[in-house]
Each structure stands twice: as C-alpha cells, then as structure tokens.
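This report concerns only the one structure given below.
For the single chain, residues carry numbers from 1 onward in sequence order. Remember, it's 1-based here, ligands and their atoms both numbered in the order they're listed. Since the model is a prediction, treat every value here as computed from it, not as a measurement. Excluded from the calculations below are hydrogen atoms, water molecules and symmetry mates; all remaining heavy atoms, backbone and side chain alike, are included.
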Amino acid sequence: MADSRAHYGSDLIVDLLKVLGIDYVALNPGSSFRGIHDSLVNYNGNRNPEIVLCCHEEIAVSVAHGYAKAAGKPMAAIVHNVVGLQHASMAIYNAWCDKTPILVLGGTGPMNASARRPWIDWIHTALVQGNLVRDFVKWDDQPMGVEAFPSSIMRGYRTAVSEPKGPVYLCFDVTDQEAVLEREISVPDPSRFRPAAPLQAERDAIKEAARLLSEARTPVILADYVGTNNEAVSSLVELADLLALPVIDLGARLNFPNTHPLNLTGKNRELLGSADLILGLDVMDLYGMLTYYDSANQISMPAIDPNCKVIHVTLADLSVRGWTTDFQALAPVDLPICADTGVFLPALTEEIRRQGKFSRSVVEDRRKHHANQHKEIRARWQNGLKRRWDERPISPPRLAHEVWQAIKNDSWLLVSGAFRGWPERLWDWDRAGLFLGGYGGGGLGYGPGASVGASLVHRGTGTVCVNLQPDGDLLYTTSALWTAANTGVPLLTVMTNNRTYCSDEEHQEKIALERGRPLENKVVGMRMEKPPVDFGNLARSFGLSGEGPIVEPDKIGPALERALKVVREEGRPALVDVIIQPA
Ligand SMILES: Cc1ncc(C[n+]2csc(CCOP(=O)(O)OP(=O)(O)O)c2C)c(N)n1
C-alpha cells in the first residue's frame, strides 16, 4: 500500500517527478539509486511514473528518446553511477543531436568518503559524474543535500523542455537519497517553472523574409526539424500554399505531407540548382544542402547559384558546443534568424499577406508547374517499385510496399526506420507526426529501444506502431525486444534484414575501387551470414510473436497479417523477419 508522505530524500525525488507529469521511468537497476527505486515501488506504488525495465542503459535512454518524440513530453531514464552512465552515454548523445528532452537521472556512491563501502563505492564514484556527459547534455547537476532537490529537478525539467530541447543529467548522492527527511520539504508548483514563451524573430527580420519570399521567382524551402512541433507543420503547409513554395523534406521528422502537391522531395539537386532564394527551416546541416561532395576529388562544390539568397530560421546557435562538431560546417546565410519556427512561420505568412507584394500569376504558374513535378516524382517512385517487384532477394521498395498495404487501413505510426527513404516515397504521409525520424547522432542501437518508447505512448489506443528495423542496429540492443514484450506495446517490428552492415559494405567497396583492390572482399568483416541470425526465433525467445525468415516476396503479406493480428487483438508486440537485398 503506497504511503502518502515523503519520508526519505528519494521519496521527495519521486514526488517531484510525479508533479511534473512524468509517466514512465526506464531503468536498469543499480545500488546507486536503490533509494529512488524503492520509492518508485513502495512509496508511489509504481504508477505514474511506472518503471520500464530495460536490460541495458543504452536501451533505457533510447526508450526515453522515442517516448519523448511520440508523446511531446519527456520521461525519465535512471542509470547506475559511473558504469551505467557510460553505457548510457551514446544514447544520450543521440538524443542531444536529435534535440529531444530526456530527464536522465543517476546516483553516485557517497561523496563523503568515510561513508563509502570498500572497493565498489570507490570504483563507482567520480568527481563529478556529470563530467562524462557534460558536453552533450543541456545541463547537469549533482545537488548536495535534500533541500536542493526541488530546484535541481524543476530546473532540469525546464531546461530539457525549453527550445532547443535536449537531455539533462541529474545525479543524486546515495546518502541524500536514503536520508530520512527531518522536516517536510515542499514540492513546488510546476506551473511556475514552465519554459519561457517561444522565441520570436524581431519585426524587421520577419518583414525582410516576407519581402524576399514574395519577390523570389524560384524559391525553395528546406525543412528538417520543423516537425518536432505538429502545429508548425500545419503552419508550413499554409505558408507553402500561399506562395506555391516547393518544399524539400530533409526527414529529421515528418515536416511536410508527402501527398501535398508542393512536396518536391527527390528533386533536390534540380530545385536547389535553379533556386534564387532558399528558406531553411531548422536545418541541421545547411552547408551540406548548399553544396555537394565531389568524392573523386574530395572537395565540396556549390550546389546553388552564387546569387541565390539564403534565409535560415533556427535555434541551433543557442546550443553550440565545442566538443563534437555536431553544429556542422558553417553555411553562408544572407538572413540568419534565431527563432522558433512554431511561432515564426505563422508570423511570416501573416506578414506576406499584409505586404501583398507577390504576383498572383507567378504564384499560380508555379503551383501548376510544381504540382506536375510532384506527380512526376511520385510516378517515378511507383515505377521503381514496379521494376523491382519480383527481385530476389526481396527489394527494399517491395518490402516497404507490402508493409504499407498491411497497415494503411489502421491508425499507424512509423516510429523508427527511414529505410533509405522508401516509406516516404511509397506510403501516404498525409499528416504531422506519422514519422518520428531517426537517431540524430548516428549512433547505432537506437531503433529497438526508441520504438518501444514511442509505442508506450500508444498502449491501448488501437494505433499500430511500426518499426522498420535493420539487423545491425538491432544486434546492438537486442534485449529491447524483451522490454517490448514485458510492457505489451503495440509494436510491429519488420526486419529489413540484409544480413550485413550494408552502409559500411558500401564504404569498403568504394575504397577497394579507389585502390584497385578486389571488390569481392568488401563482404569480409561485414556479413552476418555464418551463421545467419534467426530473428523470428530470437523474438519468440523474448516473448514476442515471431515470423520468418521470409525470402519469397509473396509470403510477406500473409506473415504481416498474422503478426498484425497479434498486435491488434492480443496487445502483444510482433516481429517479422524479412531477408532483403543490400541497398
Ligand atoms: C555505434 C555505432 N557503431 C558503428 C557505426 C558505423 N556504422 C554506420 S552504418 C553501419 C551499418 C549499419 O548496418 P545495419 O544497421 O544493418 O543497417 P544497413 O546499413 O545494413 O541497412 C555501421 C556499422 C555507427 N554508426 N554507430
């Protein structure tokens, strides 16, 4: 029976999580937070927040990563002191690059050395633990004394959810967690610690952007992280519609419906090459878009006309750090605007209307032209599918098509797995939030945990969460499948199993070509064929429904139907292992 008054420091931590609306805490157990663990279970009854047991800290953090993207609010991940934090660190880096808020909590052995147990508390205590991740969290803290807990947790939450969002790390001394509270410490009202109102651009910058867009002949929009805010996607549609602006979706989230006639993703090189104005919206690597890499000569070449003007609206300048270069190459920008696209886009559209400077006939011509191009691109993808329909091993477009046929009448969500762009080309992504993007920091092992986290949000809603899961990525964090089964999430995992580390195989091929060495050796140290991993069996061993390996294209559909029946009717996750060709 849960006790209603906080007796210990760790009870207070749980009260603070509760008042902040934290519904889940992903963890792998450890004595450095045994106090918090006890409070979650015996003080709070393991309900809001509820423990999500993970078998690796990297999984715990990626569960929180996927959850935050689907829920639009953070959950917590608790990681054991020095060792757990080291396991967690790469997943924290992914969340940092992916601008995703997570409360990463941890414990440390007593900072008072006289209270340490021999050996273990010494090897597991650091000065200061947050140093390990400080370069890729928005803030870290190690509050001293229980009185400091409320402000640490309130500030941590507020920092994580303020734009640009990101993970924070808060470390609690085991002595403080286990301390008996000598007097009541009040829990603050979280409504008084909300993030500040979104950052808007100054009036003149909005006017200038409106003027440039209205006067441009061949403008193009590049959108990358706009879709972290579903409303901003609608605002982008409104802006694009007003001036018939073509949009290239760079895919960090679903930024623009692919069914919209102004979505010209796929015509990137052509559109950018002829653009007289580019409006970048939350683009992670703008330089990479304005140039192309000439790998033969190993130099970047301009991809745009020298007279093309560039506007970039981003908050990225607020999170520049010096350790990794995740800030990307420096791009020349004519009108840099530091603003939240969620509030900037409606203001820009309003200003364009107010100025009324655009030519209606130019806009209408552009609309027709782009609508034709849009049809052309979609037809090109469909032809690609037809061409590769019967290939063996199964082709990626065929698999993407089969999954789409199986789920298109459900309420669905692609929680992980861009699958080299095939779902974006072949599925109808007609509204914001249907695709949650990728790992952010390029650290493999993301998909399995993140898809469990995202599916937690949809437990009991009837929505089927789909994860298109590469084999290499799964093999880093396989036990996330157990967490999927344990939590009963509505998750369909479809293996895009090419039995190799395909992207790296491509690198070895390239090097061999350059060096005139045997191309056939590109598979050495790459292929996972001897023995092949039986993912269907692996899934079953973790308590999921498992299908496959499937090698015949016609067998994919029926296997997906069987798996979906389990997800829809039994509320159990399922995995379908499909063997596909590399690339
Ligand atoms: C933690 C980590 N280790 C290694 C890499 C290097 N790497 C990049 S792509 C890749 C291969 C990925 O293979 P898989 O997940 O099976 O996807 P595929 O390319 O075969 O579709 C590797 C090993 C990485 N990005 N992250």
- Look at the rings of F136 and W323 and say which category their plane angle falls in: under 30° parallel, 30 to 60° tilted, over 60° perpendicular.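 The arrangement is parallel - the two ring planes meet at less than 30°.
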- Query: Side chain, backbone, both or neither: which part of T496 has a heavy atom under 4.0 Å from ligand 1?
  - Reply: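 Within the 4.0 Å criterion, T496 makes no contact with ligand 1.
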Give the atoms of ligand 1, by number and element, whose distance to some non-hydrogen atom of [X] is under 4.0 Å.
| X | value |
| --- | --- |
| G442 | 24 (C), 25 (N), 26 (N) |
| G472 | 14 (P), 15 (O), 16 (O) |
| P470 | 14 (P), 15 (O), 16 (O), 17 (O) |
| D471 | 16 (O) |
| C502 | 18 (P), 19 (O), 20 (O) |
| N498 | 18 (P), 20 (O), 21 (O) |

- When you check the side-chain N and O atoms of Q382 and R387, is any donor under 3.5 Å from an acceptor?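 Result is no, nothing qualifies.
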- Item | Distance-only side-chain donor-acceptor flag, D249 / N255, under 3.5 Å |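 On atom types as modelled, these side chains qualify, holding a pair under 3.5 Å.
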- Say whether M90 and ligand 1 are in contact under the criterion: heavy-atom distance to a ligand atom below 4.0 Å.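 So M90 counts as touching ligand 1.
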[atom]: which protein heavy atom is closest, and how many Å away?
| atom | result |
| --- | --- |
| atom 3 (N) of ligand 1 | Y476 OH, 3.1 Å |
| atom 7 (N) of ligand 1 | D504 OD2, 3.0 Å |
| atom 15 (O) of ligand 1 | D473 N, 2.9 Å |
| atom 12 (C) of ligand 1 | L444 CD1, 3.7 Å |

- Task: Using the side chain to side chain contact (heavy atoms under 4.5 Å, CB included) rule, pick out the option among L456, V52, V489 that qualifies with T483.
- Result: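 The option that passes is V52.
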Just by distance, do the side chain of [X] and the backbone of [Y] share a donor-acceptor pair under 3.5 Å?
| X | Y | result |
| --- | --- | --- |
| N28 | C54 | yes |
| Q129 | G107 | yes |
| N258 | D428 | no |

- Message: Run the ring-ring contact (aromatic ring centres under 6.0 Å, His included) test on W404 and W422 for me, step by step, so that the C-alpha distance in whole Å, both residues' side-chain angles and the decisive distance to 0.1 Å come before the verdict.
- Response: CA-CA 10 Å; W404 174 233; W422 283 109; over 10 Å; no
- Is any N or O atom of S503, backbone or side chain, closer than 3.5 Å to an N or O atom of ligand 1?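 Such a contact does occur with ligand 1.
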- Query: Got V403 and W412 here, is their nearest side-chain heavy-atom distance under 4.5 Å?
  - Reply: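 Not touching, per the 4.5 Å side-chain cut-off.
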